[in-house]
Amino acid sequence: METDLRLESSLWIGNKRYRAVLTGWHLKWTEADKKNGDKKTVSVPVAEVVGVENGRVEILPQKSVEDTDKDFTVFYVKRSRSRSTYGLLWSLGRTQFSCPSRVLRDQWTNHLRTALKTHSPLRPHRLLVFINPFGGKKKGREIYHSLVAPLFELAGISSHVIVTERANQARDHLLKKDLTGFDGVVCVGGDGMFSEILHGLIGRTQQEAGLCETDPAVTLQPCPLHIGIIPAGSTDCVCYATVGVIDPVTSALHIIIGDSQPLDVCSVHHASTLVRYSVSLVGYGFYGDVLAESEKHRWMGPLRYDYSGTVVYLSNRSYAGIVQYLPADPLLSSPRDKTRCLSGCNVCSRSTERLFPHTSDSGSLYSSHFSQYSNDSEGEWVSVEGRFRCVSLTCMSSSCARSPLGLSPSAHLADGTGDLILVWDTHPLSFLKFLYRHTSTQDQFDLPFVEVHRVKAVRFSLPDGREEEAHEEIGELNCARGGEEREYVDTVSRNGSQQQLAQRVVERETKNEHKTVAPILCGLCCKKTPAVSVWNCDGEILPFTEIFCRIHGQLVRLYARGIEDGAAMQNCSQESDKNKSRCITYK
Ligand SMILES: CCCCCCCCCCCCC/C=C/[C@@H](O)[C@H](CO)NC(=O)CCCCCCCCCCCCCCC
Ligand SMILES: Nc1ncnc2c1ncn2[C@@H]1O[C@H](COP(=O)(O)OP(=O)(O)OP(=O)(O)O)[C@@H](O)[C@H]1O
Ligand SMILES: [Ca+2]
């Protein structure tokens, strides 16, 4: 194959002559009229060629074509360092080549186009695009039409675009409408929009496979369509954690070249119902409270999380709970091994073989781990009970602009496990220290009140009959700080299939008796803590407190390749770097 596609000739870029070679895997060009020592070679992997056009062509800001018959233009991925620790920004590189004859020009363009087809089997031809016009700063439409659509057109991708008119429209479309002919689904929006696509595609795939999503013991069928994310939301955590940067052009280029990144998904169940799927955060306590508070301040846009985070922090809450978890194999990896899951990660690659072994009669859709999720194998479960500031489960690092290394910096995107982070009740300043460490490279797990476990499943329940008692206990603790007190009682009322979260607010006066906490906290945290918090599931509030979570390894695939290691990339050519393992140690 490679010899068939090989082409070598002199080509001109401007008035300089180059020796150009197409080997099948790479297009390289080296300045010809220089001494050997001064010669520089530019090497572009064929897999990263975006498009080849006849003539002298420009795409951005507007398409312009000078249709000469001896020229051709190659568009490809160009990298630059981003300001974040890891992750590289991609932009559109463009080189215009001139040939001595039209025949040679046609030979070059034909060979390049054939090489593209041969070496990039996952490049999409047809995409279904959903734009949320109200996500983040409400720039979804503008971002898609000005930055993304021209690139899709250049790459010969045809897209069917739907600008959503209501929440859950994208999910419902994916569950019900004909998806024949589409290679992937793209969402232009934030994590909420991604979640719609996730639910639509997982649901559709299970329907078609005749599988019951509600049963946590069922091994779900991986989704055949890839998901692309063009970030245009408030947190864009899924994009950040899988690409390393929030940049629509970078994401569009990953989609165009058909990159493929498998992703673990957590299914959340209550009793015998499926509640939701999550890829980033299933969080109780602090993160649940922040989300509940932030919903009241949607008008603030992305800032609502910082405001609500501060309000919730100052309200100084902790919650009683029982957490049971099924540990993952500690020999495979650990959340404290100080590695990062980067593009080409070895831990994730090995997991692919473990998660999808080549069993000829694996017609059985129930995995060999079936019994681990049934109630019969309680022996393997670990149980802890107490008061927690927060309980968080994340299938991946959940890095985002606020926390560049994320909730669990060593978590893996596709290893079939999640990291369970237990933050026990502690002094407010210690909890602040924990939160603050998320913003730097300091280890947030190296604190005596924090535990982290790599797990396959988690169960959360409330201590029996403790709900009222817990409420009283904490109420007294906080109301001792004085001033006017508001007492919140969250209850979950269940009526058939209809579940609603009800909130009762009671106000009463209390005396200022307690003088030990810093005055600022004392003044601001005079609210009585509710007995229960709510679960934040990738930015959605769950209507249940007692839940069961199971991680499904590599259930979906994104048009992404994991975070590229910027530091390593600088020291080596694109060519050699592509084959490197990028599970490296960070400080
Ligand atoms: C002192 C600085 C502390 C900074 C602490 C930063 C911790 C940041 C951790 C970010 C974790 C993001 C997890 C991703 C969750 C997404 O699936 C979900 C959907 O988009 N986003 C949220 O739920 C949105 C959740 C957003 C949570 C933001 C929390 C902000 C906390 C600010 C606390 C300030 C305390 C100040 C005290 C004076
Ligand atoms: N046309 C629409 N009108 C109202 N809501 C919509 C519409 N389209 C989608 N949504 C909903 O809007 C919610 C938020 O959207 P999105 O995730 O795009 O932005 P965000 O909340 O600003 O960002 P993030 O989720 O990253 O914090 C989603 O849960 C989605 O279901
Ligand atoms: Ca994982």
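If you're wondering where the values come from, they're calculated on a predicted model, not measured in any experiment. Atoms within a ligand are numbered from 1 in the order they appear, just like the ligands themselves.
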Whether the D247 and T250 side chains hold a donor-acceptor pair (N or O, under 3.5 Å, no angle test) is what I'd like checked. yes
Judged by modelled atom types alone, do D191 and Y240 share a side-chain donor-acceptor pair under 3.5 Å? no
Assess, by modelled atom type and distance only, whether the side chains of T352 and Q554 contain a donor and an acceptor separated by less than 3.5 Å. yes
Applying salt bridge (Lys or Arg N to Asp or Glu O under 4.0 Å), can you list everything that pairs with D259, at least two apart in sequence or on another chain? R561
Check: H254 ring centroid to Y559 ring centroid under 6.0 Å: no
Indicate yes or no for a side-chain donor-acceptor contact from Q206 to the backbone of I202 under 3.5 Å, with no hydrogens or angles considered. yes
If you take the centroid of each ring, where Trp contributes its six-membered ring, are F460 and Y284 closer together than 6.0 Å? yes
Write none if no such pair exists; otherwise list each N/O atom of ligand 1 with its protein N/O partner under 3.5 Å and the distance.
residue, atom, partner, partner atom, Å
ligand 1, 17 (O), S280, OG, 2.5
ligand 1, 20 (O), D191, OD2, 2.6
ligand 1, 20 (O), T235, OG1, 3.4
ligand 1, 23 (O), N536, ND2, 2.8

Between W424 and F388 (judged by ring centroids, cut-off 6.0 Å), do the two rings come close enough to count as a pair? yes
Minimum heavy-atom separation for M396 to V238, with atom names? CE-CA, 3.8 Å
With a 6.0 Å cut-off on ring centres, are Y277 and H552 close enough? no
May I ask you to identify the nearest protein heavy atom to atom 23 (O) of ligand 2, giving residue, atom name and distance to one decimal place in Å? S234 N, 2.8 Å
Is there a side-chain contact between M193 and I131 in this structure, where contact means two heavy atoms from C-beta onward sitting under 4.5 Å apart? no
Which residue holds the protein heavy atom closest to atom 18 (O) of ligand 2, what is that atom called, and what is the gap in Å? G190 N, 2.8 Å
Can you name the side chain to side chain contact (heavy atoms under 4.5 Å, CB included) partners of S430, sequence neighbours left out? T426, H427, F449
With heavy atoms under 4.0 Å as the rule, classify the contact between R166 and ligand 2 as side chain, backbone, both or neither. backbone
Return the closest protein heavy atom for atom 13 (C) of ligand 2 as residue, atom name and distance. N132 ND2, 4.1 Å
State the atoms of ligand 2, each with its element, that fall below the 4.0 Å cut-off from a heavy-atom position in T164. 1 (N), 2 (C), 7 (C), 8 (N), 9 (C)
Protein N/O/S atoms closer than 3.0 Å to the Ca ion (ligand 3): D264 OD2, C395 O, H412 O, D415 OD1, T417 O
Would you kindly check if the NZ (Lys) or CZ (Arg) of R459 is within the cone defined by 45 degrees around the ring axis of W381 and under 6.0 Å from the six-membered ring centre? yes
Would you mind running through ligand 2 and noting each atom that sits below 4.0 Å from a heavy atom of G136? 19 (O), 20 (P), 22 (O)
Identify, by atom number and element, the atoms of ligand 2 in contact range of R304, meaning under 4.0 Å from any of its heavy atoms. 21 (O)
Given G140, G192, C400, A232, which has its nearest heavy atom closest to atom 28 (C) of ligand 2? G192
Answer yes if the ring centres of F286 and F431 are under 6.0 angstrom apart, and no otherwise. yes
Residue pair H412 / S333, side-chain donor-acceptor N/O under 3.5 Å: no
With heavy-atom distances below 4.0 Å as the criterion, list the atoms of ligand 2 near D236. 26 (O)
Indicate, as side chain, backbone, both or neither, the part of F130 found under 4.0 angstrom from ligand 2 when only non-hydrogen atoms are considered. neither
Using a 4.0 Å cut-off to any heavy atom of G189, which atoms of ligand 2 qualify? 18 (O)
Under 4.0 Å between heavy atoms, the region of K138 that gets near ligand 2 turns out to be neither
